Number of protein chains: 2
Amino acid sequence: MSQTPKKSAEQPVPTSTDVARLAGVSRATVSYVLNNTSAVRISEPTRRRVREAAEELGYVPHAAARSLRAGHTRIVLLPTAHIPVGPLYGQFFNELHWALRNLDYTVVQYGSLGLSGDEAARAWAELRPVAVVSLGEITLTARGVSLLKRSGAKAVITMGPQRVEGAHSLVMDQREVGIAAARHLMERGRRRIGAVLPEEPGLELFSKPRLAGLRKAVSGTGARVEPLGMRYDEESAAALAARWRDLDLDAVFAYNDEYAQLLMRALQDAGVDVPGETAVMGADDLLMGKLLRPSLSTVHMELPPGRFLADLVDRLVAHPADRAENHDLMGAHAVPRESS
Amino acid sequence: MSQTPKKSAEQPVPTSTDVARLAGVSRATVSYVLNNTSAVRISEPTRRRVREAAEELGYVPHAAARSLRAGHTRIVLLPTAHIPVGPLYGQFFNELHWALRNLDYTVVQYGSLGLSGDEAARAWAELRPVAVVSLGEITLTARGVSLLKRSGAKAVITMGPQRVEGAHSLVMDQREVGIAAARHLMERGRRRIGAVLPEEPGLELFSKPRLAGLRKAVSGTGARVEPLGMRYDEESAAALAARWRDLDLDAVFAYNDEYAQLLMRALQDAGVDVPGETAVMGADDLLMGKLLRPSLSTVHMELPPGRFLADLVDRLVAHPADRAENHDLMGAHAVPRESS
DNA sequence: TTGAAAGCGTTACCAC
DNA sequence: GTGGTAACGCTTTCAA
């Protein structure tokens, strides 16, 4: 067997030097032309030669080299342990992504699996992002924020259940969801409230505060809250429904509308009357909930428009705040429908 | 008013030079210690001094500088006009993201709004990704692929309705979905099939081939297909349902399960019997569909596990293929339930 | 109008 | 064992 000859000769990536050589000018001139530097006048014939050479070679500037020289990037880092699957967050993410792109930022979604807190912050800092928008799946500490800022981040924004020192925190307390749900159910006279906790990993950051909210709202009222594990599949829902009567509950808050729909169906199939025997309540106010019979009571939660967040990033990048501000931005309110 | 004094003195980001100075060693030594370079023996006291200095300064290596020096990145670029909102793709994205992270790649989601084809490819190439996985929202051309490869991409993978020359194409022909739906409906004796087309922008890449599949399957059978615009909201669905009898249809393929659910409810509310008068069929096989009454017939579509795609990327990066392979990887089959 | 050269932060080769 | 030095690709100041 003959050796395979080096196929594509591992052709090197064309650089501005190559363009300069082909166009018969210096690298500086190439840079001027390609960046339309206004401070310098270059003759039209030269411009054309440079552009043609770049085109011919398929030259594309090297972002890393550029930002190394510039001393800063336009990277906005969005850490995501996982993209929350719900349509609510999906939409929010899309909006934010789009809005940042429109402001000419490069959005980097950095999956930080397994990394916790400060480790993650270190990993992010390597990219020298000009801003970090953490959606609360990773718990950022004051140390982490400080590390990021020292490595050049002008804006560190957190959206999560608690403020983080040094960061611009948008406090979105998921407990409010639980509180709104519990209040609504109690107003309807329910006193024995089940709380569905998803058994899928990664949802605790939402489910636990929601449970805490329930507990807080019922404390001292004599009502009680009963945590109930459930997976998002029919078997798990059916198993829970099968032992429903033993649980002796007259209401259930099902974490979100999707779990609520699943459980409500399982309850109905098991002969439990909704809402007569048990009230069911979801959260997130998905369109779906209106379509069910009985229609699903839920908790509506206002997320800021992605556009708002993108503008905030842009403002902070332009004028890094002396002191981080904090906003509480979650209004959660019950949306009563037929299931409760 | 007095001028605000320079607050934080714009403290510069610490570099390996700073670490070296503080530890009293050379930059080379710092690099050796921090990267655990095995080819070189460094005394334990020196190592400790270096590490402590790095810790104290909050030093974090600069990824851009590193990759500039290394001549390559570990960036896998995922172009996304928008993240498709459906849970199907959401899950796929998450899996892929996670799997790539596990293989030590940096995942960059690059939103390419407005940019079309080659422009987008150019923008992506600036980041010098080692691989690009395009999910078919942006139409990549042979030129674009070539540009990416010339700028160092070892793997260019497309998942979409058609092969792309030079790229490793996973052909996922959405027409199969329409074909499976039409066949199923015709087997059930339906001949006058409505086809819901979402009016939301950005879904054409899926909806049009699905429609084309319907048309292909009915051609020559005497059955007919009627395109119907609809938005994903109750008003739009109600409006469509209100003129349903005028349309004289005995079946409808509703683009996906979410639109199907919405339309089915509207039809029921308008007094149209499902499936007696009109059969309803969705696509994507969401859990939701099983919970509805009548349960929703759908088209199940196999997406490759994110893990599979990540491994493919890794393999191609290690051994760039001489010739791009193409796979057809979509099996779509009808899942009959009560609504048809 | 164009070119030479310095410097961004890193790593790897080669002396000491 | 450790340290100097060159090089990665780019922009920009300064000089011609």
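Numbered from 1 within each chain, the chains take letters A, B, ... in sequence-line order. This is a predicted model, so every value here is computed, not measured.
Ion pair B:Arg122/A:Glu55 not flagged as a salt bridge, since none of the NZ, NE, NH1 or NH2 atoms sits closer than 4.0 Å to an Asp/Glu carboxylate oxygen. Between A:Arg21 and A:Glu56 there is no salt bridge, since no side-chain N of the basic residue sits under 4.0 Å from a carboxylate O of the acidic one. B:Arg315 has no carboxylate O lying under 4.0 Å from a charged side-chain N of B:Asp311, or vice versa, which leaves the two without a salt bridge.
At a threshold of 4.0 angstrom between heavy atoms, the contacts of A:Ser43 are confined to the sugar-phosphate backbone, with no base atom among them. B:Thr46 comes within contact range of the sugar-phosphate backbone alone, with a heavy-atom separation under 4.0 Å but no base atom that close. Among the heavy atoms of the strands lying under 4.0 Å from A:Val40 is at least one base atom, whether or not backbone atoms are also near.
Side chains of A:Ser134 and A:Thr158: a donor-acceptor N/O pair is absent below 3.5 angstrom, by distance only. Donor-acceptor pairing under 3.5 Å is recorded for the side chains of A:Arg101 and B:Tyr110.
Residue whose closest nucleotide on DNA chain C sits further toward the 5' end, between B:Thr37 and A:Arg49: A:Arg49.
Residue A:Arg27 contributes atom CZ, which lies 12 Å from atom P of D:dA7 at whole-angstrom precision. Per the geometry, CZ belonging to A:Arg47 stands 10 Å off P belonging to C:dT1, to the nearest Å. What separates CD of A:Glu126 from P of C:dT10 is a distance of 10 Å, to the nearest Å.
End-to-end axis angle of the helix from C:dT1-D:dA16 to C:dC16-D:dG1, from C1' rotation axes over five pairs per end: 50° (rounded to 10 degrees).
Within a heavy-atom distance below 4.0 Å of DNA chain C, the residues of residues 50-73 of chain A found are A:Leu68, A:Arg69.
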